[in-house]
Number of protein chains: 2
Amino acid sequence: MPTPHYGQPRYRTIADELRKRIESGVIPPGALLPAESALTAEFRSARGTIRQAIAILREADLVVTAHGRGTYAAPRGDAPWRDGGSETDLQKRQVTADVELAAIFDVDVGTALLEQQSLTRRNGAVKAVVRTYRLLETES
Amino acid sequence: MPTPHYGQPRYRTIADELRKRIESGVIPPGALLPAESALTAEFRSARGTIRQAIAILREADLVVTAHGRGTYAAPRGDAPWRDGGSETDLQKRQVTADVELAAIFDVDVGTALLEQQSLTRRNGAVKAVVRTYRLLETES
DNA sequence: AGAAATTTGTCCGTATGTATC
DNA sequence: AGATACATACGGACAAATTTC
């Protein structure tokens with residue numbers, strides 16, 4: 001098969017598979033992942049594709065890679081979130097429009113809005129807070 | 001020269017060069033970067049190397065890439081732009097942390113924060129308001 | 001509306017450099 | 001010194017999105 005990539009790219013499905021093994025404990029925390037050469041054999045893919053998959057996991061802080069040594073599963077057994085003693089990283093709540101938001105949405109002050117808040121962290125510390133406001137009803 | 005990468009990797013020097021052009025204004029904000037094919041010719045490098053360089057700029061929010069269109073220099077400093085309608089939907093301002101934000105960032109109440117607000121529209125009507133809060137100082 | 005050209009996305013295979021064991 | 005493993009780089013091929021004609 002030269003390059004038929006319908007739907008999801010191969011490197012992403014490979015990343016998903018490896019993620020499952022890590023989160024399920026098949027690859028325990030701190031353990032060494034199979035070498036890239038081994039993964040090319042298992043997934044029948046080129047090394048570049050394997051490296052793309054691992055790059056995704058590295059971006060998600062699920063693994064760390066060391067030059068001549070290998071790629072390790074994240075040492076801390078972090079679940080989806082937790083860590084740092086805060087609440088969850090994703091949170092929804094209903095709020096009412098203040099004068100500013102009311103003007104933006106062109107609705108009356110006090111109109112119900114859905115606020116969705118998510119946090120992005122870096123080494124445990126909160127790096128950014130993103131709040132998204134939407135009107136409740138309506139949908140397309 | 002097939003593959004001698006002493007010192008700094010080629011993709012990194014290429015990224016530095018492109019970064020200079022963007023920050024110096026040689027490539028103005030919002031402008032299209034040369035196509036990857038053009039860059040391979042200019043830097044006498046393989047396409048993969050060029051793409052690695054651009055990936056660095058994308059990571060730094062200096063450029064955004066769209067599939068069949070090209071890679072654009074970031075419009076202003078850094079910002080999650082998007083949306084096709086009015087470009088002036090983006091707005092930055094400095095605010096002070098209330099009790100809630102202070103708790104999230106683990107700073108004192110009143111600490112200066114940068115608030116970045118962007119709107120997404122649907123047929124002219126505001127569909128969502130996204131507000132991103134970040135600490136002012138510090139950088140990596 | 002349709003075809004062609006452009007441009008980025010994905011994938012392959014190979015070769016060589018560099019760090020670690 | 002040798003083996004193993006990740007890093008960098010090349011070149012080619014096809015897929016998918018966009019623009020142009």
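The chains referred to below are lettered A, B, ... by the order of the sequence lines, with proteins before strands, and numbering in each begins at 1. Since this is a predicted model, take the numbers as computed values, not measurements.
For A:Thr96, there are no side chain to side chain donor-acceptor pair (under 3.5 Å) partners, not counting sequence neighbours. The side chain to side chain donor-acceptor pair (under 3.5 Å) check on A:Thr132 picks up nothing, with sequence neighbours excluded. Partners of B:Arg131 under the salt bridge (Lys or Arg N to Asp or Glu O under 4.0 Å) rule, at least two apart in sequence or in another chain, are A:Glu100. With sequence neighbours excluded, no residue forms a salt bridge (Lys or Arg N to Asp or Glu O under 4.0 Å) with B:Arg44. B:Glu17 pairs by the side-chain contact (heavy atoms from CB on, under 4.5 Å) definition with B:Arg21, B:Phe43, not counting sequence neighbours. Contacts of A:Thr40 classified as side chain to side chain donor-acceptor pair (under 3.5 Å), with partners at least two apart in sequence or in another chain: none. Legend: residues meeting side-chain contact (heavy atoms from CB on, under 4.5 Å) with A:Ala60, ordered by chain and number and at least two apart, are A:Arg19, A:Leu62.
Using a 4.0 Å cut-off, no side-chain N or O of B:Tyr11 falls inside it from OP1 or OP2 of D:dA9.
When the C1' atoms of four end pairs are superposed on the next four at each end of the helix from C:dG2-D:dC21 to C:dC21-D:dG2, using five pairs per end, the two resulting axes differ in direction by 10°, to 10°.
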Pull out every protein N or O sitting under 3.5 Å from an N or O of nucleotides 3-5 of chain D, one pair per line with the distance.
none

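Taking each heavy atom of B:Arg58 and B:Thr65 in turn, the nearest pair found is NH1-OG1, 2.7 Å.
Under the 3.5 Å distance criterion, the side-chain polar atoms of B:Asp98 are matched with a main-chain donor or acceptor of B:Leu101.
The side chain of A:Arg10 approaches C:dC12 more closely than any other nucleotide in the set D:dA9, C:dC12, C:dT8.
The distance from atom OH of B:Tyr72 to atom C1' of D:dA17 is 12 Å, rounded to the nearest whole Å. The interatomic distance linking B:Leu32 (CG) with D:dT18 (P) rounds to 14 Å, in whole Å.
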For residues 46-57 of chain A, dump all side-chain donor-acceptor pairs below 3.5 Å to protein atoms at least two apart in sequence or in another chain.
residue, atom, partner, partner atom, Å
A:Arg47, NE, A:Glu36, OE1, 2.7
A:Arg47, NH2, A:Glu36, OE1, 2.7
A:Arg51, NH1, A:Glu36, OE2, 2.9

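Using a 4.5 Å heavy-atom cutoff, the side chains of B:Ile27 and B:Leu33 are in contact.
Taken residue by residue, residues 41-52 of chain A places heavy atoms nearer than 4.0 Å to DNA chain C at A:Arg44, A:Ser45, A:Ala46, A:Thr49. Remark: nothing in residues 12-23 of chain A comes within less than 4.0 Å of DNA chain D through any heavy atom.
Transitive grouping of hydrophobic side chains (ILVMFWY, heavy atoms separated by less than 4.5 Å) brings B:Phe105 and B:Val95 into a common cluster. With hydrophobic clusters built from ILVMFWY side chains whose heavy atoms lie under 4.5 angstrom apart, A:Val109 does not share a cluster with A:Leu113.
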